[in-house]
Amino acid sequence: MLTEAGCKARRELLWERLPESAQWVLIADPRHVLYFSNFLVNPICFARGERGLLLLERSGKATLLADNFARKCSSGEPFVDDEVIEAWYDHKHAVINRDDALFAAVKKLDVAGPGAVEAEACPVSALAALGGDPSTDVGVGSIVRDLRRVKHEDELALMRQCMAATNAGHARAREVIAPGVSELDVYREVQSATVAAAGTPGIVYGDFRMNTPDLPKAGGLPTDAVFTEGNLFILDYSCVLHGYRSDFTNTYAIGDVSDRHKELFAACAAALSAGRESVRAGVTGADVYNAASKPLTEAGFPAIPHHAGHGLGQGHPEPPILVPASADVLRAGDVVTIEPGAYVEGLGGVRVEHNLLVTDDGSERLDGHTIEL
């Protein structure tokens with residue numbers, strides 16, 4: 001979970017970026033409500049997809065707005081000074097439009113003076129229900145997305161929990177992958193091991209697909225396809241806990257594979273090392289992409305056909321993006337992936353990946369899985 005100190009520190013950073021005239025701001029994106037208050041409707045519950053709003057005042061006060069069932073389904077205790085909770089369902093009466101319950105909570109706010117609204121995510125009906133003098137052209141959402149890049153200690157603690165759980169899933173995959181096993185079999189084993197290691201329910205998603213000489217790049221959720229000898233399996237998956245996530249990859253041999261497969265894997269592993277060595281605050285996304293692609297092209301394989309990595313946190317992907325034309329500059333506190341891949345017709349595909357915390361002079365590896373064919 002996020003901490004009260006972390007939420008309050010992020011609010012202070014937001015106020016530094018907002019116009020001095022703004023005396024309050026209404027936060028509407030569920031990820032940003034979480035970021036500043038620790039409130040998130042648990043995505044693994046019957047209120048999945050519902051939301052709350054957050055009113056922040058320059059005085060330091062924070063007020064959560066939600067319907068009563070969304071509030072009871074929070075995956076963490078919110079760090080706020082006040083709550084405006086509107087009754088939506090009481091097990092006795094028919095329900096109204098659930099959004100209208102949230103907007104009724106907004107109408108109960110007593111805001112004064114000029115303020116700002118996260119217009120990128122705020123429903124028009126919520127804006128209409130709001131008093132005061134709301135500005136919708138401040139770009140609140142863009143400001144918060146930029147703030148989200150540099151991770152605080154409570155965010156990193158959550159992400160480390162995701163990483164440790166994902167390590168366990170990769171370790172289990174190594175034990176069960178074999179000819180005759182299906183993609184879905186591996187998904188079930190990986191999900192079980194990941195959730196057990198996390199010690200709490202979580203979301204497991206990603207690429208769980210075998211590739212072949214005829215289909216060297218396959219991705220997406222698992223099918224009932226059965227593994228066949230001599231092919232490769234790319235396991236590129238994430239564990240999501242309380243809105244934050246991991247995202248790392250290894251490629252596994254299904255039985256015995258060819259020497260050419262091994263050469264392709266070795267080139268990708270070298271690209272992973274080169275990419276990681278290039279990571280530090282101040283370099284651009286293009287710098288990292290070029291560094292990671294060089295070992296592949298030197299080995300006679302194509303340059304990375306997709307991003308060499310990306311930022312990671314509540315979003316997937318999020319800036320910085322590590323691609324040939326990226327001018328994104330890495331910052332200390334960014335969490336990024338490095339994920340070189342190569343996919344060769346008539347052979348197969350390989351992708352490997354680290355998750356790194358960017359520092360002023362390099363990086364810290366956050367994942368602990370084995371990079372080995």
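Note that the coordinates shown come from a computational prediction; the quantities given were computed from them, not determined experimentally.
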Return the [atom1] to [atom2] distance between [X] and [Y], rounded to the nearest 0.5 Å.
{"X": "F39", "Y": "L53", "atom1": "CZ", "atom2": "CG", "value": "9.5 Å"}
{"X": "Y35", "Y": "D154", "atom1": "OH", "atom2": "CG", "value": "9.0 Å"}
{"X": "F265", "Y": "N250", "atom1": "CZ", "atom2": "CG", "value": "4.5 Å"}
{"X": "R58", "Y": "S21", "atom1": "CZ", "atom2": "OG", "value": "8.0 Å"}
{"X": "L347", "Y": "L232", "atom1": "CG", "atom2": "CG", "value": "7.0 Å"}
{"X": "L158", "Y": "M163", "atom1": "CG", "atom2": "CE", "value": "10.5 Å"}

Do any N or O atoms from the side chain of [X] and from the backbone of [Y] form a donor-acceptor pair under 3.5 angstrom?
{"X": "D334", "Y": "V358", "value": "no"}
{"X": "S182", "Y": "A225", "value": "no"}
{"X": "E57", "Y": "Q23", "value": "no"}
{"X": "T297", "Y": "A303", "value": "no"}
{"X": "D29", "Y": "A121", "value": "no"}
{"X": "T337", "Y": "H310", "value": "yes"}
{"X": "Y237", "Y": "Q191", "value": "no"}
{"X": "E339", "Y": "R351", "value": "no"}
{"X": "D328", "Y": "P319", "value": "no"}
{"X": "T212", "Y": "L215", "value": "yes"}

Side chain to side chain contact (heavy atoms under 4.5 Å, CB included) assessment of E77 paired with S74: CA-CA 7 Å; E77 190 61 25; S74 176; over 6 Å; no

Geometric cation-pi criterion, K72 with F69: 6.0 Å, 45°: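 Pair K72/F69 counts as cation-pi.
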
Please name the pair of heavy atoms, one in [X] and one in [Y], separated by the smallest distance, quoted to 0.1 Å.
{"X": "L296", "Y": "G341", "result": "CD1-O, 3.9 Å"}
{"X": "F248", "Y": "T166", "result": "CZ-CB, 3.3 Å"}
{"X": "A62", "Y": "V80", "result": "O-CB, 3.5 Å"}
{"X": "I338", "Y": "G275", "result": "CG2-CA, 4.1 Å"}
{"X": "R209", "Y": "G220", "result": "CG-O, 3.5 Å"}
{"X": "I371", "Y": "H369", "result": "CD1-NE2, 3.3 Å"}

Taking [Y] as the starting point, is it possible to reach [X] by hopping between hydrophobic residues whose side chains are less than 4.5 Å apart?
{"X": "L54", "Y": "Y244", "value": "yes"}
{"X": "L156", "Y": "L34", "value": "yes"}
{"X": "V283", "Y": "V329", "value": "no"}
{"X": "L272", "Y": "L264", "value": "yes"}
{"X": "V111", "Y": "V117", "value": "yes"}

Flag the pair [X] / [Y] as yes when at least one side-chain heavy-atom distance between them is below 4.5 Å, and no otherwise.
{"X": "V226", "Y": "P179", "answer": "no"}
{"X": "L312", "Y": "M159", "answer": "yes"}
{"X": "P222", "Y": "V186", "answer": "no"}
{"X": "V25", "Y": "F36", "answer": "no"}
{"X": "R280", "Y": "D361", "answer": "no"}
{"X": "D224", "Y": "L184", "answer": "no"}
{"X": "L14", "Y": "V144", "answer": "yes"}
{"X": "L147", "Y": "R10", "answer": "no"}

Determine, for [X] against [Y], whether the closest basic-nitrogen to carboxylate-oxygen distance falls under 4.0 angstrom.
{"X": "E120", "Y": "R145", "result": "no"}
{"X": "R51", "Y": "D99", "result": "yes"}
{"X": "E318", "Y": "R149", "result": "no"}
{"X": "R31", "Y": "E155", "result": "no"}

Quick one, E372 with K262, criterion salt bridge (charged side-chain N to carboxylate O under 4.0 Å, His left out). Give me CA distance, side-chain angles, the key distance, then yes/no. CA-CA 10 Å; E372 185 179 79; K262 295 174 184 177; over 6 Å; no

Does a donor on one side chain and an acceptor on the other come within less than 3.5 Å for [X] and [Y]?
{"X": "H32", "Y": "R148", "result": "yes"}
{"X": "Y89", "Y": "R98", "result": "no"}
{"X": "N38", "Y": "H242", "result": "yes"}
{"X": "H170", "Y": "Y252", "result": "yes"}
{"X": "D287", "Y": "T284", "result": "yes"}

So V176 and D185, side chain to side chain contact (heavy atoms under 4.5 Å, CB included) or not? Walk me through it. CA-CA 9 Å; V176 301; D185 291 335; over 6 Å; no

Does atom [atom1] of [X] have more than 12 heavy-atom neighbours, drawn from other residues, nucleotides or ligands, at distances under 6.0 Å?
{"X": "D110", "atom1": "CG", "value": "no"}
{"X": "E20", "atom1": "CD", "value": "no"}
{"X": "E298", "atom1": "CD", "value": "yes"}
{"X": "R160", "atom1": "CZ", "value": "yes"}

Checking L356 against V336 for the side chain to side chain contact (heavy atoms under 4.5 Å, CB included) test, could you report, in this order, the C-alpha distance in whole Å, the side-chain angles of both residues, the deciding distance, and whether it holds? CA-CA 5 Å; L356 307 175; V336 300; 4.2 Å; yes

L127 vs L26, side chain to side chain contact (heavy atoms under 4.5 Å, CB included): CA-CA, chis, key distance, verdict: CA-CA 9 Å; L127 184 61; L26 185 67; over 6 Å; no

Give the ring-plane orientation class for H316 versus Y205, where under 30° counts as parallel, over 60° as perpendicular and anything between as tilted.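 H316 and Y205: tilted rings.
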
Have a look at T249 and tell me which of D207, D367, D236, N355 forms a side chain to side chain donor-acceptor pair (under 3.5 Å) with it.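 The single option meeting the side chain to side chain donor-acceptor pair (under 3.5 Å) with T249 is D236.
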
